[in-house]
Amino acid sequence: VPDPNEKDNYALAVDELRKYGNDFLVLLSGYGGIFERGWFLMGYEELLTGMALGLKSVSMLLEKIAEYKVEVAKKTVEFGFEAGHTGDDFGSQIGLMISRDMWKRYFKPLYRKIWRVYKDAGLPVLFHSCGNVTDIIPEMIDIGLDVLEPVQQVMDLHYLKREFGKRITFWGGVGTQTVLPFGTPEEVRKETGKVIETLGRGGGLIIAPDQEIMADVPDANVIAFVETVREKRALVLN
């Protein structure tokens with residue numbers, strides 16, 4: 001296992017925090033989570049097969065990864081970052097890659113340990129997961145989730161707001177697989193406004209593309225998105 005106390009691992013992020021932390025929310029990236037790191041090391045099929053069979057070796061590997069990330073969480077607090085960021089891609093376009101029960105068995109207790117470091121320090125917990133992870137949102141809220149990133153068009157935005165809008169903040173919502181690369185500026189304005197009205201009513205939304213803006217997005221659509229956000233900003237405060 002790598003040394004979580006190796007200072008060079010954090011140098012770039014700490015430098016960015018010192019330069020920009022007074023004006024922006026600077027995060028120590030938590031991408032490459034327990035699930036992803038596990039299958040990076042074992043291979044995707046091998047990890048899933050081992051989980052299905054309940055192999056002790058798989059549990060030991062995931063626990064070792066989580067132990068490392070607990071120490072990284074402690075460093076995040078020590079360096080003065082204002083939020084805890086973690087990430088693991090559990091979703092496909094239609095649902096989870098694994099069952100909800102399997103997620104609860106293998107990953108919920110491990111993320112509980114990591115997020116507890118942030119919660120004990122009074123920091124909000126941000127979690128990144130691509131795809132439709134609706135089925136495990138209640139489980140994540142149960143162990144301390146504050147911000148879900150990203151919310152994607154493959155999810156039911158009305159359902160998310162109705163069921164979870166009073167408990168977590170949503171980040172994202174505007175499709176980078178759909179309207180941003182392929183729509184007209186007017187369609188981008190319409191979709192961005194719809195997302196703000198659906199997820200942002202009364203607050204609780206960090207409006208953004210549902211992934212980073214890719215190179216195939218026309219400049220005019222980026223401008224339309226930004227202008228609409230500025231125009232609609234007052235809505236979420238009412």
Do [X] and [Y] belong to the same hydrophobic cluster, where Ile, Leu, Val, Met, Phe, Trp and Tyr are linked whenever their side-chain heavy atoms lie under 4.5 Å apart, directly or via other members?
X	Y	value
Leu48	Phe107	yes
Leu12	Tyr10	no
Trp39	Ile98	yes
Ile207	Val154	yes
Tyr68	Leu61	no

Tell me whether [X] contacts the main-chain N or O of [Y] through its side chain, where contact means a donor paired with an acceptor under 3.5 Å.
X	Y	value
His85	Ser29	no
Glu71	Pro4	no
Asp210	Gly172	no
Glu187	Thr184	yes

Do [X] and [Y] have side chains that approach each other closer than 4.5 Å (heavy atoms only, starting at C-beta)?
X	Y	result
Phe225	Pro209	yes
Val117	Thr76	no
Leu148	Thr169	no
Asp142	Lys108	yes
Glu67	Lys113	no
Glu63	Val58	no
Leu126	Asp146	no
Val147	Ile168	no

For this session: Verify the distance criterion only: is there a donor paired with an acceptor across the side chains of Ser129 and Asp88 at less than 3.5 Å?
Result: no

For this session: Establish, from distance only, whether the side-chain atoms of Ser99 and Asp101 form a donor-acceptor pair under 3.5 Å.
Result: no

Atom [atom1] of [X]: over 12 foreign heavy atoms under 6.0 Å:
X	atom1	answer
Phe40	CZ	yes
Ile94	CD1	no
Lys119	NZ	yes
Asp3	CG	yes
Glu82	CD	no

Identify the two heavy atoms, one from [X] and one from [Y], that lie closest to each other, and give their separation to 0.1 Å.
X	Y	answer
Arg100	Pro138	NH2-CB, 4.3 Å
Gly193	Thr228	N-CG2, 3.9 Å
Leu180	Val217	O-CG1, 3.5 Å
Tyr31	His128	CE2-CG, 3.4 Å
Leu199	Leu205	O-CB, 3.8 Å
Leu123	Phe81	CD1-O, 3.5 Å

In Å, rounded to the nearest 0.5 Å, how long is the span from [atom1] of [X] to [atom2] of [Y]?
X	Y	atom1	atom2	result
Met140	Ile143	CE	CD1	8.0 Å
Ile65	Leu41	CD1	CG	5.5 Å
Lys232	Glu197	NZ	CD	4.5 Å
Cys130	Met97	SG	CE	8.0 Å
Met51	Ser59	CE	OG	9.0 Å
Ile213	Asp216	CD1	CG	10.5 Å

Exercise. What about the rings of Tyr106 and Phe35, do their centers lie closer together than 6.0 Å?
Worked result: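 No, they do not, as the ring centres are separated by 6.0 Å or more.
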
For this session: Apply side-chain contact (heavy atoms from CB on, under 4.5 Å) to Ile34 and Lys69, showing your working.
Result: CA-CA 8 Å; Ile34 303 169; Lys69 290 185 175 295; 4.2 Å; yes

Exercise. Does Arg189 pair with Glu231 as a salt bridge, N-O distance under 4.0 Å?
Worked result: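 Salt bridge: yes.
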
For this session: Not counting sequence neighbours, list each pair that qualifies as a side-chain hydrogen bond (donor to acceptor under 3.5 Å, both in side chains) and has a residue in residues 153-168.
Result: Gln153-Glu191

Seminar exercise, completed: Tyr111 meets the ring pair (Phe, Tyr, Trp, His ring centres under 6.0 Å) criterion, sequence neighbours left out, with Trp115, Phe127

Exercise. For Phe182, which residues count as a ring pair (Phe, Tyr, Trp, His ring centres under 6.0 Å) partner, sequence neighbours excluded?
Worked result: none

Exercise. Are Lys75 and Glu78 close enough, and set up right, to give a salt bridge (charged side-chain N to carboxylate O under 4.0 Å, His left out), and what steps lead you there?
Worked result: CA-CA 5 Å; Lys75 302 297 288 188; Glu78 176 186 327; 3.5 Å; yes

For this session: List the steps, then state whether side-chain contact (heavy atoms from CB on, under 4.5 Å) holds for Gln211 with Gln177.
Result: CA-CA 9 Å; Gln211 291 290 337; Gln177 293 174 301; over 6 Å; no

For this session: Start with the C-alpha gap between Met155 and Leu160, add the side-chain angles, then the distance that decides, and say whether side-chain contact (heavy atoms from CB on, under 4.5 Å) holds.
Result: CA-CA 8 Å; Met155 306 166 84; Leu160 295 183; 3.9 Å; yes

Problem set entry | Residue among Val174, Thr192, Asn221 satisfying side-chain contact (heavy atoms from CB on, under 4.5 Å) with Val179 |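 Exactly one pass, corresponding to Val174.
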
